[in-house]
Amino acid sequence: QVQLVESGGGLVQAGGSLRLSCAASGSIFSINAMGWYRQAPGKQRELVATITSGGRKNYADSVKGRFTISRDNAKNTVYLQMNSLKSEDTAVYYCNAALRLSRYSDYVLNYWGQGTQVTISS
C-alpha cells in the first residue's frame, strides 16, 4: 500500500514563508512526476507545481517566482518552498505522485496525500 504523508502547513503572515514536505512510502517501484495542488474554499483543486523524476519543473503562473518545488529521489520526497506568501495562497495543499508499483507493469497510478492546511493572514 502506498502512502503520501504531507507536513509543514500552518498559519503565517502575508509576506512570510512556509516549506511543505511530502514523503511517499510503500511498495513503490518508481515515481514519475510529483507535485503539489491546492484547493481553496469554494474553488476547484488547481495545480501549483510539478516536478519530473529528471527534475523538470512546471509552475502555475500565480506562484512563479515565489514558490520552488524540489525533490529527493532517494527519499521519495517532494518539497514546496513558498515565499512571499499572499492571502490568496490560503488553501489546503495536496501532494500528488504518479508512480509505478512494479517493474513488470507500465501502469502509472496517481496517489494523493491527505492535504495540509496553509493559511495566510493579512
Side-chain angles (χ1 to χ4, degrees):
Q1 187 164 352
V2 174
Q3 279 191 317
L4 271 61
V5 178
E6 299 130 334
S7 61
L11 172 65
V12 67
Q13 286 189 330
S17 298
L18 281 175
R19 189 187 192 218
L20 305 183
S21 300
C22 171
S25 63
S27 183
I28 299 170
F29 172 67
S30 66
I31 302 179
N32 295 358
M34 300 186 79
W36 292 93
Y37 292 72
R38 67 187 181 187
Q39 187 166 17
K43 294 187 177 182
Q44 288 189 332
R45 190 174 298 189
E46 62 176 6
L47 179 146
V48 176
T50 60
I51 183 169
T52 67
S53 57
R56 187 170 64 189
K57 304 174 185 180
N58 180 51
Y59 295 96
D61 288 342
S62 59
V63 307
K64 282 180 181 176
R66 300 188 298 121
F67 290 11
T68 302
I69 190 170
S70 61
R71 67 188 278 180
D72 185 333
N73 291 331
K75 295 182 179 180
N76 287 343
T77 300
V78 63
Y79 307 95
L80 186 69
Q81 177 66 43
M82 305 185 293
N83 298 328
S84 303
L85 284 161
K86 306 175 181 179
S87 58
E88 50 262 45
D89 295 318
T90 294
V92 177
Y93 283 69
Y94 295 92
C95 173
N96 174 269
L99 53 88
R100 290 172 60 194
L101 299 180
S102 168
R103 70 179 65 201
Y104 303 111
S105 172
D106 290 333
Y107 282 120
V108 176
L109 303 174
N110 260 306
Y111 286 84
W112 293 91
Q114 79 285 357
T116 185
Q117 178 69 47
V118 171
T119 303
I120 312 304
S121 63
S122 54

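Both backbone and side-chain heavy atoms feed into the values below; hydrogens, waters and symmetry mates do not. Along the sequence shown, residues carry numbers from 1.
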Testing Asp89, Thr116, Thr90 for side chain to side chain donor-acceptor pair (under 3.5 Å) with Arg38, which one passes? Asp89
Please confirm whether the backbone N or O of Ser84 pairs with a side-chain atom of Arg66, one donor and one acceptor, at under 3.5 Å? yes
Keeping the roles fixed (side chain from Glu6, backbone from Gln114), state whether a donor-acceptor pair exists under 3.5 Å. yes
Salt-bridge contact Asp61-Lys64 (side-chain N to carboxylate O under 4.0 Å): yes
Pair Ser53, Asn32: side-chain N/O donor-acceptor within cut-off below 3.5 Å: no
Between Arg71 and Asn73, is any side-chain donor less than 3.5 angstrom from a side-chain acceptor? yes
For the residue pair Phe67 and Tyr93, categorise the inter-ring angle as parallel (less than 30°), tilted (30 to 60°) or perpendicular (more than 60°). tilted
Heavy-atom distance under 4.5 Å between the side chains of Phe29 and Ser105, does that happen here? no
Is there a donor-acceptor pair under 3.5 Å between the side chain of Arg19 and the backbone N or O of Gly8? no
Any side-chain heavy-atom pair of Arg103 and Ser30 under 4.5 Å: no
Test side-chain contact (heavy atoms from CB on, under 4.5 Å) applied to Val78 and Leu20, Thr50, Asn96, Ile69, the passing residue: Ile69
Heavy atoms of other groups near Gln81 CD, more than 12 under 6.0 Å: yes
Pairwise side-chain contact, Met82 with Trp36, heavy-atom cut-off 4.5 Å (strictly under): no
